[in-house]
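Values below: every heavy atom of this structure, side chains too, minus hydrogens, waters and symmetry copies.
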Amino acid sequence: MLLRWHQRQQAWLQVGGHADPGESDPLAIAMREAAEETGLADLMPWPDAQIRHVVIVPVPADRGEPAHEHADVRFALATRTPASARPENLDAPLRWLTPDAAREATSEANLRDLLSRVQRLLEE
């Protein structure tokens with residue numbers, strides 16, 4: 001599992017981000033954001049393109065933006081080149097972890113749920 005340090009949230013979380021104006025395909029948005037945040041050019045939905053998790057998450061206030069909520073639409077993605085992962089910037093390091101270590105690294109119960117779901121897929 002690949003986790004990214006989110007400075008604003010002060011937590012290890014999944015990669016991902018926001019839709020840009022005109023974007024409406026959740027999978028395409030997730031793949032673009034994941035590629036931008038990891039440098040991985042070969043990401044693909046795994047084991048298929050199904051949505052794996054939908055959750056509303058709190059976002060703390062920052063830079064003049066009030067606290068608010070985001071709707072996360074989450075997929076499982078895979079790469080054939082994990083060693084090629086590079087952080088988007090120095091404030092957003094990446095960590096490859098086993099499913100158990102990833103669950104321990106995050107403080108977010110909703111992400112632990114997603115990690116458990118993906119682990120079950122790995123065990124099938």
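Rounded to the nearest 0.5 angstrom, Phe75 CZ and Leu43 CG are separated by 13.0 Å. Interatomic distance, CZ of Arg74 versus CD1 of Ile51, reported as 12.5 Å (0.5 Å rounding). Remark: Thr38 OG1 to Arg4 CZ distance equals 10.0 Å, nearest 0.5 Å.
Closest non-hydrogen pair, Ala19 versus Ile29, comes out as CB-CD1, 3.5 Å. Annotation for Gln9 and Pro58: closest pair NE2-O, 3.3 Å, computed over non-hydrogen atoms. Taking all atoms of both residues into account, the shortest heavy-atom contact from Glu33 to His18 is OE2-O, 3.1 Å. When all heavy atoms are compared, the tightest approach of Pro45 to Leu77 is CA-CD2, 3.8 Å. In terms of heavy atoms, Leu94 sits closest to Pro87 at CD1-N, 3.6 Å. The two residues Pro47 and Arg52 make their nearest non-hydrogen contact at CD-NH2, 3.6 Å.
Checked by atom type and distance alone, the side chain of Glu37 never pairs as donor or acceptor with a backbone atom of Ala34 at under 3.5 Å. Remark: side-chain polar atoms of Asn89 are paired, donor with acceptor, to backbone N or O of Asp91 under 3.5 angstrom. Between the side chain of His6 and the backbone N or O of Gln14, at least one donor-acceptor pair lies under 3.5 Å.
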Applying side chain to side chain contact (heavy atoms under 4.5 Å, CB included) to Leu40 and Leu2, what does each step give before you reach the verdict? CA-CA 11 Å; Leu40 293 168; Leu2 182 60; 4.3 Å; yes
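Contact of the Glu88 side chain with the Val15 side chain is not registered, since no non-hydrogen atoms from C-beta on lie closer than 4.5 Å.
Evaluation of the salt bridge (Lys or Arg N to Asp or Glu O under 4.0 Å) test over residues 98-112, restricted to residues two or more places apart or in two chains, returns Asp100-Arg103.
Under the 4.0 Å criterion applied to side-chain N and carboxylate O atoms, Glu65 and Arg8 are assigned as salt-bridge partners. Comment: Glu36 engages Arg32 in a salt bridge, judged by a side-chain N to carboxylate O separation of less than 4.0 angstrom.
Residue Trp5 belongs to a hydrophobic cluster whose other members are Met1, Leu3, Trp12, Leu13, Trp46, Leu97, Leu111, Leu114, Leu115, Val118, Leu121, Leu122, with links defined by side-chain heavy atoms closer than 4.5 Å.
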